[in-house]
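Heads up: the structure comes next, in structure tokens.
Everything numeric in this text was worked out from a predicted model, so none of it was measured. Just so it is clear: chains get the letters A, B, ... in the order the sequence lines come, proteins before strands, and each one is counted from 1.
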Number of protein chains: 4
Amino acid sequence: MTQATSAKVTKLNRVERNAWTKQKIFDAATKVVGKYGYAEASVARITEVADVAQGTFYNHFENRQELLDQLLPKIGLDMVHFIRARTGTADEARQEIERFSAFFDFIREVPEFLRILNEAEFFAPAGYQKHFDNISSAYLRILQRARAAGATSTFSDEEFEAIVQVLMGARGYLSRRYSYSEHGVTAVPDHVISAYRKLVTHGLFNVPDEETKS
Amino acid sequence: MTQATSAKVTKLNRVERNAWTKQKIFDAATKVVGKYGYAEASVARITEVADVAQGTFYNHFENRQELLDQLLPKIGLDMVHFIRARTGTADEARQEIERFSAFFDFIREVPEFLRILNEAEFFAPAGYQKHFDNISSAYLRILQRARAAGATSTFSDEEFEAIVQVLMGARGYLSRRYSYSEHGVTAVPDHVISAYRKLVTHGLFNVPDEETKS
Amino acid sequence: MTQATSAKVTKLNRVERNAWTKQKIFDAATKVVGKYGYAEASVARITEVADVAQGTFYNHFENRQELLDQLLPKIGLDMVHFIRARTGTADEARQEIERFSAFFDFIREVPEFLRILNEAEFFAPAGYQKHFDNISSAYLRILQRARAAGATSTFSDEEFEAIVQVLMGARGYLSRRYSYSEHGVTAVPDHVISAYRKLVTHGLFNVPDEETKS
Amino acid sequence: MTQATSAKVTKLNRVERNAWTKQKIFDAATKVVGKYGYAEASVARITEVADVAQGTFYNHFENRQELLDQLLPKIGLDMVHFIRARTGTADEARQEIERFSAFFDFIREVPEFLRILNEAEFFAPAGYQKHFDNISSAYLRILQRARAAGATSTFSDEEFEAIVQVLMGARGYLSRRYSYSEHGVTAVPDHVISAYRKLVTHGLFNVPDEETKS
DNA sequence: TATGAATGAGATTTCATTCAT
DNA sequence: AATGAATGAAATCTCATTCAT
């Protein structure tokens, strides 16, 4: 997916060679950041993994930050497609659980994603912003559509925006807590999924009777 | 709170002077990290703000990291006390909303907290770990007590652990989205609070009838 | 000899420029260590003399120590060649005196050598080790060959190893005592040479008759 | 010998307390330099071992260097006495072997001596100078007396001075090579002693007949 | 377009010495 | 005389970026 085809290098025209070099750098950055984090992703290290000279880097990217900021949005789109493909046509609550599970499946598919996502806020703020805009607007539409279908509790648009943050926060924190391990990324335990399902379907607290109308 | 009293400097004995200097460094670090982030919090900058020599720093802290790792747990305890003081004796759901609101109030009291919290995971992992252990164990006890009082839906201990992550993730992500602004920290909008209340009391989705037993 | 040719700098290709820069650093280090000693040979000072930026240093040497450890063995080889070229085909005792004299001649040729040699044990232990292995194994072979030619008193291989240490110690201590002076390095006095000759040809003490068989 | 009596500290008058503190620092320095070398002998480390405050150091020594420069001469005198006590009344050649052996015995008695001696040249030049003046003048007198007794080959005073350097160089280099080991200081092998004896009694090389008169 | 050596600012840390108490 | 916190200069090393070939 983010893998540069290692096919024949010969017989490429100028444009193709150019794109191929850029892709090599991009893939190298994904690997390096995914494995060692943004802080350790020096231009020297990235270009070494990409097997190009340091100077070559600057023929393709304005500076180090530009590349780092492109990392998350690109993989983020992969994630959206991955999740969409795994979401069925059951009722809305079930679909949300499917999306939730698919998120963790994606993390295992692309182990670099977790680190790239989590660190981006501080090391690639522009990329983080872009990714979050992508995700949250998509998520918001999903919720609005569910509401239109009468499948949700009563939430205003503004409240939905907040809910989107909560749901993304849940994924972010849970993945940090449950997906990291010594070597590689592990599957998320079932009780995490069930806890999430209960929360989004019934809430957390029983409400005393007289308050149920609020 | 984390502010060194700038009262009389004269007439302090050796022990007091020593503590006072350390506190000056600590306060300076809080300010600097809160304003510019850990990455920009060089020892040079911190000691400049603290108005001590760079060498003095190393009389009080083993190294830069040690100080950074102390920052979050210390302020985190302030937060716990702050929230506890603002939590009443109403029903459990209301108390949770009070805690939630109080969290955002605390952020406004100590504007540095937000940045110190959010960046700690990567720049002060030991401190982050300590803080999160503090918070999540306290939170877990709260939920268990509520469950014992029959105030929550049916969750296992393991599920509660996951819920704690979700609730902390909610605070983390919402505060990033709604509390930051150009200059300083703003109050969180009411619809964020109402969205949170609805989620924890009723959940997000209506569940089709035949599923209600699950 | 260890002097970078200051000839045309222009018209060098990349490889040549690279080697030339490294040689400039090397020569600068030789000068600096020779004049001020290892302790004062900071990277800042060396690069200033070499007229390159500090960062350039680390393109050519892993770290400061690596350079320092290369200094002695490199010049040490120059010394070996120098001495070998000055050693004739007279009897073994005379050859040893020639080598001894040539050692002091070399010191005057390369005045930096003395300090680089003497301080290396503590400031560049790896380089010192390498140099001494070079020298002592060569020296040992010389003695063994002389013994095979019946030109020495009766010594075992182990005793020869000790003798090598003594002969090197003699050069080391004598050069410290007689070659240093206010400014620059002076020739060694004749009586030093004659004393050495007498020692290695007749020993120091007359032996009472009854002991001569031991 | 260099050990501060750890007897009653109480009941000392001002002068005694003063001397006792100075001795504590001195002993600590001996230990530290002997074990870790001059370079690692920071004032902080020495005073910590001596169990006094850093500032106290400067009540007894002008500066760090002054102390370091006193170390070697003081222990050097101990060595002279030690060797003298071990030298018998046999013929001069045997006495020299006794002195040589006693030197290595002393090294084992006072293991710190070796390092303090070897590093002094560069880290405590003044102390090194003083020590060497002490030793070499004493040594010179020994040789002159032996010559007066007709026990040596024909050497002039100047040649004797050079010989003294050679003999000291022999001890220095041999001790570095044969006395150091992983932990502690080891006895010198017999073949080192026999090699030395042969050298000083018979010389190293057989001299062709026609040269024997030179 | 690719190369990779050169740059130099900036970061952390050490440590001999001072000095007020 | 003893204390130990404060000082600040100096050292090593990193790394994003430039630029001549």
What is the distance, rounded to the nearest whole Å, between atom [atom1] of [X] and atom [atom2] of [N]?
X: D:Gln65; N: E:dT17; atom1: CD; atom2: C1'; answer: 14 Å
X: C:Arg17; N: E:dT3; atom1: CZ; atom2: P; answer: 20 Å
X: C:Glu66; N: F:dT12; atom1: CD; atom2: P; answer: 15 Å
X: A:Asn59; N: F:dT18; atom1: CG; atom2: P; answer: 12 Å
X: B:Phe123; N: E:dA11; atom1: CZ; atom2: C1'; answer: 14 Å
X: C:Arg64; N: E:dT13; atom1: CZ; atom2: P; answer: 20 Å
X: A:Ile25; N: E:dT3; atom1: CD1; atom2: C1'; answer: 12 Å
X: B:Glu16; N: E:dA20; atom1: CD; atom2: C1'; answer: 15 Å

Does the side chain of [X] get closer than 4.0 angstrom to OP1 or OP2 of [N] through an N or O atom?
X: C:Thr56; N: E:dA5; answer: no
X: C:Thr21; N: E:dA6; answer: yes
X: A:Asn63; N: F:dA16; answer: no
X: A:His60; N: E:dT1; answer: no

E:dG4 - base-pair partner by Watson-Crick or wobble geometry, distances under 3.5 Å: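 By the stated definition (distances under 3.5 Å), F:dC19 pairs with E:dG4.
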With the threshold set at under 4.0 Å for non-hydrogen atoms, list the residues of residues 41-54 of chain B touching DNA chain E in residue-number order. B:Ser42, B:Val43, B:Gln54
Is a donor on one side and an acceptor on the other found under 3.5 Å between the side chain of C:Glu119 and the backbone of C:Tyr38?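 Between the backbone of C:Tyr38 and the side chain of C:Glu119 there is a qualifying donor-acceptor contact (under 3.5 Å).
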Between atom CD1 of D:Ile75 and atom CD1 of D:Ile116, what is the distance when rounded to the nearest 0.5 Å?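 D:Ile75 CD1 to D:Ile116 CD1: 3.5 Å, rounded to 0.5 Å.
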From CD (D:Gln54) to CZ (D:Arg45), nearest 0.5 Å: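 Between D:Gln54 CD and D:Arg45 CZ, I get 13.0 Å after rounding to 0.5 Å.
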Between B:Gly55 and A:Phe57, which has a closest nucleotide on DNA chain E that is more 5'?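 Here A:Phe57 is the residue nearer the 5' end.
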If the plane angle is over 60° it's perpendicular, under 30° parallel, otherwise tilted; pick one for [X] and [Y].
X: B:Phe57; Y: B:Phe61; value: tilted
X: C:Phe122; Y: D:Phe123; value: perpendicular
X: C:His131; Y: C:Phe113; value: perpendicular

Base F:dA1 to side chain D:Asn18, donor-acceptor N/O within 3.5 Å cut-off: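 Check fails, no donor-acceptor contact within cut-off.
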Measuring only between side-chain heavy atoms, which start at C-beta, is D:Val33 closer than 4.5 Å to D:Leu68?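 In short, these two side chains touch, coming nearer than 4.5 Å.
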Nearest to side-chain heavy atoms of D:Tyr58, which nucleotide of F:dT12, E:dA16, F:dT3: E:dA16
